[in-house]
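To keep things clear, I will list the structure first and then write my remarks on it.
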Amino acid sequence: MGPLSPPLSENPQPSQSDRLTGILTSLRDRVMGVSESVLSTVDGLLVVSDTDSAHPESIAALAAATLGVSRRIAEQANVGALREVVARCGAGHVIVLAVGERALLTVMGDDGLDVAAFQRESPATVEELTKVLAADVAY
């Protein structure tokens with residue numbers, strides 16, 4: 001006889017990856033114009049992504065470089081801790097946010113990105129991501 005499977009009424013807990021991807025998807029659903037997002041480490045390694053056309057590994061590496069250079073500019077300019085980097089492009093936006101000390105959230109938005117809604121929603125998204133990532137740290 002094979003191993004017993006859990007009863008159908010039990011819902012297994014989603015994996016960390018599923019929880020993180022769900023947070024990214026939720027941001028896209030809540031903010032008009034958010035089209036894709038990538039969560040990566042500060043050294044440019046992909047954690048999870050919610051992308052259709054962007055190459056997430058490339059975005060992760062470039063976001064790490066962007067954040068590193070931007071932090072140095074903020075330090076040299078003596079304007080306080082860096083909160084986000086926004087690139088406004090011909091057909092949209094790319095926004096890089098620090099998620100704690102170890103991760104980055106890169107959000108791509110189309111030209112119709114609701115910037116006010118993004119600024120309102122992003123702190124809660126960053127906080128959720130930080131909590132899920134912190135829960136994975138072994139003590």
Side-chain angles (χ1 to χ4, degrees):
M1 190 185 252
L4 296 174
S5 53
L8 293 176
S9 63
E10 287 185 27
N11 291 330
Q13 292 291 338
S15 70
Q16 180 194 37
S17 178
D18 290 341
R19 291 190 313 258
L20 293 169
T21 302
I23 294 167
L24 299 183
T25 302
S26 175
L27 179 64
R28 181 171 30 94
D29 292 343
R30 290 188 330 266
V31 179
M32 184 177 70
V34 169
S35 55
E36 301 180 282
S37 55
V38 173
L39 181 66
S40 59
T41 64
V42 293
D43 53 355
L45 300 175
L46 178 66
V47 177
V48 296
S49 67
D50 176 28
T51 59
D52 295 322
S53 62
H55 187 260
E57 288 86 0
S58 297
I59 297 294
L62 291 167
T66 299
L67 189 74
V69 168
S70 299
R71 279 185 171 161
R72 290 285 295 148
I73 291 170
E75 288 171 11
Q76 290 299 312
N78 199 29
V79 292
L82 181 70
R83 292 185 288 194
E84 67 184 26
V85 178
V86 179
R88 294 177 194 215
C89 308
H93 301 76
V94 179
I95 304 168
V96 180
L97 302 123
V99 178
E101 294 295 318
R102 303 179 320 146
L104 305 172
L105 173 60
T106 305
V107 177
M108 283 83 47
D110 60 32
D111 201 31
L113 175 67
D114 185 343
V115 176
F118 179 79
Q119 289 177 336
R120 187 175 57 251
E121 295 293 333
S122 62
T125 299
V126 167
E127 184 177 333
E128 283 183 85
L129 292 168
T130 301
K131 285 180 184 177
V132 173
L133 291 170
D136 188 52
V137 175
Y139 291 100

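Fair warning: this is a prediction, and the values are worked out from it, not measured in the lab.
Residues Gln16 and Leu20 have side chains in contact (heavy-atom distance under 4.5 Å, counting atoms from C-beta outward).
Hydrophobic clustering of Ile, Leu, Val, Met, Phe, Trp and Tyr side chains at less than 4.5 Å, counting indirect connections, keeps Met108 apart from Leu62. Under the 4.5 Å side-chain heavy-atom criterion for Ile, Leu, Val, Met, Phe, Trp and Tyr, Val96 and Val69 are members of distinct hydrophobic clusters. When the side chains of ILVMFWY residues are joined at heavy-atom separations under 4.5 Å, either directly or via intervening members, Leu27 and Val132 end up in a single hydrophobic cluster. Cluster membership for Val38 and Ile95, using ILVMFWY side-chain heavy atoms within less than 4.5 angstrom, is not shared. Clustering ILVMFWY residues whenever any of their side-chain heavy atoms sit less than 4.5 angstrom apart, transitively, puts Leu129 in a cluster other than the one holding Leu45.
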**Item:** CA sep, side-chain torsions, deciding dist, call: Phe118, Leu97, side-chain contact (heavy atoms from CB on, under 4.5 Å)
**Value:** CA-CA 12 Å; Phe118 179 79; Leu97 302 123; 3.6 Å; yes
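Atom-to-atom distance recorded for Glu127:CD and Thr125:OG1 is 10.0 Å, nearest 0.5 angstrom. Ile59 contributes atom CD1, which lies 8.5 Å from atom OG1 of Thr51 (distance to the nearest 0.5 angstrom). In this structure, Thr66 OG1 and Leu104 CG are separated by 9.0 Å, a value rounded to the nearest 0.5 Å. Rounding to the nearest 0.5 Å places NE2 of His55 at 10.0 Å from OG of Ser49. A distance of 8.0 Å separates CG of Asp50 from CD of Glu36, quoted to the nearest 0.5 Å. With rounding to the nearest 0.5 Å, the separation of CD1 in Ile23 from CZ in Arg19 is 8.0 Å.
The side chain to side chain donor-acceptor pair (under 3.5 Å) test applied to Thr41 returns Asp43, not counting sequence neighbours.
Heavy atoms only, all atoms of each residue included: Ser35 and Asp52 are closest at O-OD2, 4.5 Å. For the pair Leu39 and Ala103, the tightest heavy-atom approach, listed with the atom from each and the gap, is CD1-CB, 4.2 Å. Contact record, Ala60 with Ser40: CB-CB, 3.4 Å, taken as the closest heavy-atom pair. Scanning all heavy atoms of the two residues, the minimum distance from Ala98 to Val126 falls at O-CG1, 3.7 Å.
For residues 109-123, the side chain to side chain donor-acceptor pair (under 3.5 Å) pairs, not counting sequence neighbours, are Arg30-Glu121. Residue pairs satisfying the side chain to side chain donor-acceptor pair (under 3.5 Å) criterion with at least one member in residues 69-84, sequence neighbours excluded, are listed as follows: Arg72-Glu75.
Thr21 places a side-chain N or O within 3.5 Å of a backbone atom of Ser17 that can act as its donor or acceptor partner.
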